[in-house]
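The next block holds one structure in the form of structure tokens; read it before the comments.
For clarity, every value in this text was computed on a predicted model and none was experimentally measured. Reckoned from all heavy atoms, side chains included, excluding hydrogens, waters and symmetry mates.
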Amino acid sequence: MLVPPVEVMRPRSADGVPAQAPPPRELQYSLELDGFRALAFALEGGRVVLQSRSRRDLSPEFPDIAAAPARLLPPGAVLDGELCAYREGRLSFTDLLRSHADRVQAGVPVSYIVFDLLAVPGRDVRALPLRDRRELLGTALGEAGPPLQRVPATQDEETARAWFRDLREAGVEGIVAKSLGSTYRSGSTWSWRKVRHSDTVDAELIGLVGPAARPRALLVRPADGSTLPTTPRLTPAQARQVGALVAETGGALTADTDPEHGPVPRIARPPAVELRQVAGGTRRPRSCGCGGGGVRGAEGGVTVGEGGIAVVGRRSVRAGV
């Protein structure tokens, strides 16, 4: 039986929707959704683990989603997909950061949109090509509906381009093109390519500005080695929530002093975050810095919930899980 933790397979960025090959077609196009990536492990005794990219178990925060695989799938099945919240007809990432009780009270539904199958009872199927895993996924899910459903997918390039053009207002981030012959390998791969309406850069949450229990801001580090603080200053409530979340997920903190920001508790196990430059701004990852290199959210701010941290606005940093 395949058990957590398992590192997910990640697409590499493309400048445009990749062209389809002549028949027999080689690519499958699917929607790139704005949510929390999660692997769903159906284990013995009806237990389900929703493993995030940072290897946290999200099932306590999404109990309705965890109940669906427990009810519909046999022990040993493992799915890969995206947790997505919906508000007023579009995807709402920030609602994923709210507590389960808050989402229920606000009437915000969450679904688990599945795009791959890693294992069936008694068999790890990651070595099979995507076309075979897709068939197995269809058999496994059958006629399942919300909150557990398959991601829309097509082999038609023009349909994919229409999705990319027309579904942005619904909160769809872009398109992922996957080789139908690709096996499932942990880490990033050119066999899967994504094109998005916004530029995203993988980064780490490396430290806090100010006291660990009530920080003033967050420090993130993208792949180029730069350090970007978030602005504006966290509210007292946000600071308490950030401090509690980092204490839960980041391990030990090391006292340090930054020449620009003063006392900076460094995080021993930096959680993975995503720097997002929303369409309409400059494209370089460093250019999200405004005023002293910080990341400023016009009409935004920091949102903190059980699932992660987000800084929303025209230029933004999103700290997913």
*May I ask you to test the Thr227-Val220 pair for a side-chain heavy-atom distance under 4.5 Å?*
no
*Is any side-chain heavy atom of Leu27 less than 4.5 Å from a side-chain heavy atom of Pro18?*
yes
*Is it possible for you to say whether Ile65 and Val151 belong to one hydrophobic cluster, with membership spreading through side-chain heavy-atom contacts below 4.5 Å?*
no
*Backbone N or O of Asp95 within a donor-acceptor pair of the Arg87 side chain at under 3.5 Å?*
no
_Closest approach of Gln51 to Phe41 (non-hydrogen atoms, all atoms of both residues)_ = OE1-CE1, 3.6 Å
*Nearest 0.5 Å please: distance from the CZ atom of Arg161 over to the CD atom of Gln20.*
11.0 Å
*asked:* Rounded to the nearest 0.5 Å, what separates atom CG in Leu79 from atom CD1 in Ile113?
replied: 12.0 Å
_Glu61 with Arg56: basic N within carboxylate O range, under 4.0 Å_ = yes
*Is there side-chain contact between Val195 and Asp15, with heavy atoms separated by less than 4.5 Å?*
no
_Does Val176 form a side chain to side chain contact (heavy atoms under 4.5 Å, CB included) with Tyr29? I'd like the steps, not just the answer._
CA-CA 6 Å; Val176 181; Tyr29 304 96; over 6 Å; no
*Over all atoms of both residues, closest heavy-atom pair of Gly207 and Val264*: CA-CG1, 4.4 Å
*In Å, rounded to the nearest 0.5 Å, how long is the span from NZ of Lys178 to CZ of Arg193?*
13.0 Å
_With a 3.5 Å distance limit and no angle check, can you tell me whether Thr139 reaches the backbone of Glu135 through a side-chain donor-acceptor pair?_
yes
_More than 12 heavy atoms of other residues, nucleotides or ligands under 6.0 Å from CZ of Arg123: yes or no?_
no
*With a 3.5 Å cut-off and no angle check, do the side chains of Arg12 and Ser188 form a donor-acceptor pair?*
yes
*Side chain to side chain, Ile206 and Arg266, heavy atoms closer than 4.5 Å*: yes
_What I'd like to find out is whether the side chain of Arg134 reaches to under 4.5 Å of the side chain of Leu180, using heavy atoms alone._
no
*asked:* I'd like to know if Phe62 and Val49 are part of one continuous hydrophobic network [Ile/Leu/Val/Met/Phe/Trp/Tyr, side-chain heavy atoms within less than 4.5 Å].
replied: no
*In Å and rounded to the nearest 0.5 Å, what is the SG to CZ distance from Cys84 to Phe93?*
10.5 Å
*asked:* Name the residue from Thr183, Leu118, Leu136, Leu117 that meets the side-chain contact (heavy atoms from CB on, under 4.5 Å) definition with Leu128.
replied: Leu136
_Short side-chain to backbone donor-acceptor contact, Tyr184 and Met9, under 3.5 Å_ = yes
*Find out if a path of hydrophobic residues (ILVMFWY) with successive side-chain heavy-atom gaps under 4.5 Å connects Phe164 to Phe115.*
yes
*Can you check whether Pro109's main-chain N or O pairs, donor with acceptor, with Arg103's side chain at less than 3.5 Å?*
no
_Can you tell me how far apart CG (Leu96) and CZ (Phe36) are? Round to the nearest 0.5 Å._
5.0 Å
*Between Leu219 and Leu205, does a side chain to side chain contact (heavy atoms under 4.5 Å, CB included) hold up when you go through it step by step?*
CA-CA 6 Å; Leu219 282 181; Leu205 175 59; 5.7 Å; no
*Which heavy-atom pair separates Leu148 from Pro69 by the least distance, and what is that distance?*
CD2-N, 4.5 Å
_Is there a continuous path of hydrophobic side-chain contacts, each under 4.5 Å between heavy atoms, that joins Leu130 to Val125?_
no
*Evaluate the criterion side chain to side chain contact (heavy atoms under 4.5 Å, CB included) for residue pair Val110 and Asp64; output intermediate values, then yes/no.*
CA-CA 8 Å; Val110 176; Asp64 294 344; over 6 Å; no
*Are Leu91 and Leu33 close enough that some pair of their side-chain heavy atoms sits under 4.5 Å apart?*
yes
*Please assess Arg133 against Asp116 for the test salt bridge (Lys or Arg N to Asp or Glu O under 4.0 Å), listing each intermediate value before the final yes or no.*
CA-CA 7 Å; Arg133 300 198 309 274; Asp116 213 332; 2.8 Å; yes
*Is the closest basic N to carboxylate O distance between Asp80 and Arg37 below 4.0 Å?*
yes
*asked:* Could you measure the distance from the CZ atom of Arg214 to the CG atom of Leu208? Nearest 0.5 Å is fine.
replied: 14.0 Å
*Taking all heavy atoms of Ser111 and all of Pro146, pick out the closest pair and write down the distance.*
OG-CB, 4.1 Å
*Return the minimal non-hydrogen interatomic distance between Ala66 and Val48, and the atom names on each side.*
O-CG2, 3.4 Å
*asked:* Counting only heavy atoms from other residues, nucleotides and ligands, does the tally under 6.0 Å from CD of Gln155 exceed 12?
replied: yes
*Would you say the side chain of Val172 lies within less than 4.5 Å of the side chain of Trp163, judging by non-hydrogen atoms?*
no
*asked:* For Asp34 versus Glu173, what's the shortest heavy-atom pair and its separation?
replied: OD1-OE2, 3.4 Å
*Are side-chain N/O atoms of Ser59 and Asp57 paired as donor and acceptor at under 3.5 Å?*
yes
*Is a side-chain donor or acceptor of Tyr112 paired with a backbone partner of Glu82 at a separation under 3.5 angstrom?*
no
*Test item: side-chain donor near acceptor, Trp192 and Ser182, under 3.5 Å*: yes
*Are Val3 and Val78 grouped together when hydrophobic residues (ILVMFWY) are joined by side-chain heavy atoms under 4.5 angstrom apart?*
yes
*Who passes salt bridge (Lys or Arg N to Asp or Glu O under 4.0 Å) against Arg131, sequence neighbours left out?*
none
*If we only count heavy atoms from C-beta on, is the Arg150 to Leu137 side-chain gap below 4.5 Å?*
yes
*Start with the C-alpha gap between Arg221 and Leu228, add the side-chain angles, then the distance that decides, and say whether side chain to side chain contact (heavy atoms under 4.5 Å, CB included) holds.*
CA-CA 6 Å; Arg221 181 175 60 204; Leu228 302 174; over 6 Å; no
*asked:* Treating Ser30 as the side-chain partner and Ala153 as the backbone partner, does any N or O pair qualify as donor plus acceptor under 3.5 Å?
replied: no
